[in-house]
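All ligand and atom numbering here is 1-based and tracks the order in the structure. What you see is a predicted model; the values in this text were computed from it and never measured.
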Amino acid sequence: MLHNDVFEELMNEEELNKTVSDIAARINADYEGKELVIVGILKGSVIFLADLLRKITVDGCQLDFLQASSYHSGSVSSGNVKIVKDVTCNVKERDVLVVEDILDTGNTLSFVKEHLLSKGASSVKICTLFDKPGRRKKPVTADYTGKVIEDLFIVGYGLDYSERYRNLPYVGVLKSEIYS
Ligand code: XMP
Ligand code: MG
């Protein structure tokens, strides 16, 4: 059953599982034999990342987290990105895969990518469950994308609106009266 504030289901549990498996298969093929460090962007990526990681077979891969802030509150992004929590793993000369819930304006991921490259990562690729290319402000593209979507505000499976709805087991479109 849908949460009252959700207008429509965008991806159910079965579709999420299939999407995550397809992404994992591509990552496994691309990173076999490499020194992979997976960096989850807190907090939105955690559910996606937990499911994805259990399908990753790259031997010796490491897990780390980074938290950036560009959202002041609600649904409006600002271009002013700060690192709230940095990675603790050494990323120098490692292949880094950044895992994010949704790529929107690109402000966060373009900043994070530059940041990890400046720490000496050999490569930095981006894996995002959702992508809203219509809202891009920075020239950043994802290397692995679950689903490209219209300019809708979505919640669930880790994605929040003002810290709510992360616990929903599906991804749904939030009713516009909730955030406008
Ligand atoms: P930028 O604009 O920097 O933003 O690419 C990325 C971050 O914005 C959040 N975001 C959303 N969160 N539903 C959400 O729950 C959405 O539809 C949405 N669009 C953007 C998200 O936190 C992401 O990390
Ligand atoms: Mg986020």
For [X], the ligand 1 atoms whose distance to one of its heavy atoms is below 4.0 Å:
X      : value
Leu152 : 17 (O)
Thr108 : 1 (P), 3 (O), 4 (O), 6 (C)
Thr105 : 1 (P), 2 (O), 3 (O), 5 (O)
Glu100 : 23 (C), 24 (O)
Asn107 : 3 (O), 5 (O)

Close side-chain approach of [X] to [Y], heavy-atom, < 4.5 Å:
X      : Y      : answer
Ile154 : Leu174 : no
Leu97  : Val37  : no
Glu163 : Lys43  : yes

May I ask you to decide whether [X] forms a salt bridge with [Y], counting only side-chain N to carboxylate O separations under 4.0 Å?
X      : Y      : answer
Asp160 : Arg166 : yes
Lys18  : Asp22  : yes
Asp131 : Arg136 : yes

(Q) Taking the ring centre of each residue, are Tyr157 and Tyr170 less than 6.0 Å apart? (A)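 Centroid separation for Tyr157 and Tyr170: 6.0 Å or greater.
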
Q | Non-hydrogen atom of Ile102 closer than 4.0 Å to ligand 1 | A | yes

Q) Mind checking whether Leu109 has a heavy atom under 4.0 Å from ligand 1? A) no

Q | The one among Phe153, Phe130, Phe111 that brings a heavy atom closest to atom 18 (C) of ligand 1 | A | Phe153

(Q) So, regarding Asp160 and ligand 1 (criterion: nitrogen or oxygen to nitrogen or oxygen, under 3.5 Å), is there a contact or not? (A)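 Asp160 vs ligand 1: N/O contact under 3.5 Å present.
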
Q. Has ligand 1 got any nitrogen or oxygen that is less than 3.5 angstrom from a nitrogen or oxygen of Gly106?
A. yes

Q) For ligand 1, which part of Lys132 has a heavy atom less than 4.0 Å away: the side chain, the backbone, both, or neither? A)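 Within the 4.0 Å criterion, Lys132 contacts ligand 1 through side-chain atoms alone.
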
Q: Go through the side-chain N and O atoms of Tyr165 and Asp5 and say whether any donor and acceptor fall under 3.5 Å apart.
A: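 Yes, a side-chain donor-acceptor pair sits under 3.5 Å.
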
